[in-house]
There are 2 protein chains.
Amino acid sequence: MTYSEENYLKIIYHLSNNSGKGIATNAIANQMESKPSSVTDMVKKLADKGLVRYKKYQGVSLTDEGRFKALMIVRKHRLWEVFLLEKLDFSWDEVHDIAEQLEHIKSEKLTNKLEEFLDFPTEDPHGDPIPDSEGNIKKVDKKLLSEIPAGKKVICVGVKDSSSAFLQYLDKQQIALGSGMEVISKEDFDLSLTIQVNGKPITVSNKIAANLFVKIL
Amino acid sequence: MTYSEENYLKIIYHLSNNSGKGIATNAIANQMESKPSSVTDMVKKLADKGLVRYKKYQGVSLTDEGRFKALMIVRKHRLWEVFLLEKLDFSWDEVHDIAEQLEHIKSEKLTNKLEEFLDFPTEDPHGDPIPDSEGNIKKVDKKLLSEIPAGKKVICVGVKDSSSAFLQYLDKQQIALGSGMEVISKEDFDLSLTIQVNGKPITVSNKIAANLFVKIL
DNA sequence: ACTTAATTTTAGGGGACTCTAAAAATATTT
DNA sequence: AAATATTTTTAGAGTCCCCTAAAATTAAGT
């Protein structure tokens, strides 16, 4: 598998999560920062290799083999993120970009030894579960903060967007994985939330709330 | 810089070591496991970028900028080798191939943090010096075992070939970096050597001796 | 020095991946 | 349901890197 094929598989995997429908060419192109026509070409190639199912104009979905391959890339990505944070002292907003490169290193033995070196972590620094070497992945039940009604107490368990900008915002607000918070009120007009964190109330936009995963206590 | 350009630079660097002459197209092609015509193409590209000096039929040599870039790749390669051996418990015959991939990861910060994590090693598992972040590299004075006359006592300081096959042979003979040995005799016919190692004499072919670096005591 | 051999370069082409522009199919609107 | 808008695919082309085969240059042998 080439670097590019791996990236396509990974993105198709990330877009697959819920609905049973095929993934749209356009959606893949947006994530890949490429053009729909390029996606069509690549998707045909992946279909020839048996990694995706594809019918013209009907979108794409992963085969079992494709899903497994994607999971192995996600596995490597998240293990390297843990390594960068825990062993090399990177901050959680720096690890993603470097892991995008490291996820393509091909050596099963390396991946497994790295996992052992890190003491078999089950989550990466953004709260996402790490698949094991068989491709098993823990399903975490989590909701977006934007979907929580006023009055509920929650705990922060992950982020949807792992861009530097967003993660640095969270650092500034002293919000980390494990932070407890309570939804005080929700503004109907712009869907912004007022939440109680670290003992004081703060207001966050809907865009913020829609990128923060929480678990209801 | 692309993956391929980096490999060319690295190989030109390794071939440059002594003579002041340009490196032959053929020599590069052999190391790259590609064809001379491909080398000509790439070398033109590198020359356009100011990384090598190139005149038709005259061979290639690195510019200062090219040399620095090559040193940074070598630096990454050797640091990752140390990581694999010391932290992940790989054996010295396994680290080279994985490091060939890891050397292309682009993040100066990662390289420097890795170096710090490993406690600023000065040599890789094969005895080769590790360039620092400014591109300074220690010159080690070492000779090939094949050039040592009978009667001299030496210590093993490195290998020229780092293929699995050769390193596993050394393991089998219980020869490692730091092993002391004495040249007992040299056979004129095939240039094979009889050497005293670990208290007992063994005979090694010229091919073996020409791939083992030693320092005279 | 002249012929032969080896090396190196050019010429032309192929595969992987990407793009733009135009055509085809599907979705949406009225 | 017809017209319009959107999405998706095809067609053709460009870049990067590699190849083979043939031509040019340099090196070696007699």
Side-chain angles (χ1 to χ4, degrees), chain A residues 1-16 19-62 66 69-70 73 100-101 103-106, chain B residues 1-16 19-62 66 69-70 73 100-101 103-106:
Chain A
M1 275 217 296
T2 67
Y3 199 95
S4 188
E5 287 172 346
E6 291 192 342
N7 279 333
Y8 273 94
L9 274 192
K10 182 185 60 167
I11 280 169
I12 294 168
Y13 170 79
H14 284 311
L15 292 170
S16 295
S19 79
K21 315 205 93 187
I23 310 304
T25 302
N26 245 354
I28 299 170
N30 288 338
Q31 289 291 315
M32 284 290 295
E33 296 181 353
S34 68
K35 303 293 165 185
S37 54
S38 308
V39 174
T40 302
D41 280 356
M42 178 57 89
V43 145
K44 280 180 186 166
K45 216 175 93 181
L46 293 173
D48 286 346
K49 293 194 174 188
L51 300 172
V52 302
R53 274 177 292 273
Y54 168 63
K55 264 184 259 158
K56 277 190 194 178
Y57 298 101
Q58 305 306 134
V60 202
S61 62
L62 292 173
K69 292 243 159 88
I73 298 163
E100 288 279 315
Q101 298 181 60
E103 74 191 1
H104 298 289
I105 301 293
K106 285 168 195 34
Chain B
M1 274 219 296
T2 67
Y3 199 95
S4 189
E5 287 172 345
E6 290 193 340
N7 280 333
Y8 273 93
L9 274 192
K10 183 185 58 167
I11 279 169
I12 295 168
Y13 170 79
H14 284 312
L15 292 171
S16 296
S19 78
K21 315 205 91 185
I23 310 304
T25 304
N26 244 355
I28 299 171
N30 287 338
Q31 289 292 315
M32 283 291 296
E33 295 181 354
S34 69
K35 302 295 165 186
S37 54
S38 308
V39 174
T40 302
D41 281 355
M42 177 57 90
V43 146
K44 281 181 185 167
K45 215 174 95 180
L46 293 173
D48 287 344
K49 292 194 175 189
L51 300 172
V52 301
R53 275 177 293 272
Y54 168 63
K55 263 185 258 158
K56 277 190 194 177
Y57 297 100
Q58 304 305 135
V60 202
S61 61
L62 291 173
K69 292 244 160 88
I73 297 162
E100 288 278 314
Q101 298 181 58
E103 73 190 2
H104 298 289
I105 302 294
K106 285 169 195 32

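Computation of the quantities below employed the complete heavy-atom set of this structure, encompassing side-chain atoms and omitting hydrogens, waters and symmetry-equivalent molecules. Chain letters run A, B, ... following the sequence lines, proteins first, then strands; residues in each count from 1.
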*Asks:* Looking only at heavy atoms, what is the nearest atom pair of S34(A) and V39(A), with distance?
*Replies:* OG-CG2, 4.0 Å

*Asks:* Give a yes or no on whether the backbone of G22(B) and the side-chain of Q58(B) come within a donor-acceptor separation of less than 3.5 Å.
*Replies:* no

*Asks:* For K44(B), which residues count as a side-chain hydrogen bond (donor to acceptor under 3.5 Å, both in side chains) partner, sequence neighbours excluded?
*Replies:* none

*Asks:* In whole angstroms, how far is the P atom of dA16(C) from the CE atom of M32(A)?
*Replies:* 16 Å

*Asks:* Without decimals, in angstroms, what is the distance between Q58(A) CD and dT9(D) C1'?
*Replies:* 13 Å

*Asks:* Within this structure, what is the CE-to-C1' distance between M42(B) and dT15(D), rounded to whole angstrom?
*Replies:* 12 Å

*Asks:* Send over the distance from I23(B) CD1 to dT7(C) P, rounded to a whole Å.
*Replies:* 16 Å

*Asks:* Would you give me the side-chain donor-acceptor pairs under 3.5 Å for residues 46-57 of chain B, sequence neighbours excluded?
*Replies:*
{"unit_1": "K49(B)", "atom_1": "NZ", "unit_2": "E5(B)", "atom_2": "OE1", "d": "3.2"}
{"unit_1": "K49(B)", "atom_1": "NZ", "unit_2": "E5(B)", "atom_2": "OE2", "d": "2.9"}
{"unit_1": "R53(B)", "atom_1": "NE", "unit_2": "S61(B)", "atom_2": "OG", "d": "3.2"}
{"unit_1": "R53(B)", "atom_1": "NH2", "unit_2": "L62(B)", "atom_2": "O", "d": "2.7"}

*Asks:* Quick one, L9(A) and M1(A) - any side-chain contact, counting heavy atoms below 4.5 Å?
*Replies:* yes

*Asks:* Looking at D41(B) and dC18(D), is any side-chain donor or acceptor paired with a base atom of the opposite kind under 3.5 Å?
*Replies:* yes

*Asks:* Is the distance from OP1 or OP2 of dA6(C) to the nearest side-chain N or O of N26(B) less than 4.0 Å?
*Replies:* no

*Asks:* With a 4.5 Å cut-off on side-chain heavy atoms, are I105(A) and I105(B) touching?
*Replies:* yes

*Asks:* Of Y54(B) and K56(A), whose closest DNA chain C nucleotide lies nearer the 5' terminus?
*Replies:* Y54(B)

*Asks:* With a cut-off of less than 4.0 Å, is there a side-chain N or O of S38(B) near OP1 or OP2 of dC18(D)?
*Replies:* no

*Asks:* For dT9(D), does either OP1 or OP2 sit under 4.0 Å from a side-chain N or O belonging to K44(A)?
*Replies:* no

*Asks:* Just the rounded figure in Å: distance from P of dG14(C) to NZ of K35(B).
*Replies:* 19 Å

*Asks:* Kindly state which residues belonging to residues 2-10 of chain A come within less than 4.0 angstrom of DNA chain D, counting heavy atoms of the residue only, listed by number.
*Replies:* none

*Asks:* Quick one: does H104(B)'s side chain get under 4.5 Å of N7(B)'s, heavy atoms only?
*Replies:* yes

*Asks:* Not counting sequence neighbours, which residues clear salt bridge (Lys or Arg N to Asp or Glu O under 4.0 Å) with K35(B)? List them please.
*Replies:* none

*Asks:* Applying side chain to side chain contact (heavy atoms under 4.5 Å, CB included), can you list everything that pairs with E100(A), at least two apart in sequence or on another chain?
*Replies:* K10(A), H77(A), H96(A), E103(A)

*Asks:* Give every pair of a protein N or O atom and an N or O atom of nucleotides 21-25 of chain D that lie under 3.5 Å apart, one pair per line with the distance.
*Replies:*
{"unit_1": "dT25(D)", "atom_1": "O4'", "unit_2": "Y57(B)", "atom_2": "OH", "d": "3.4"}

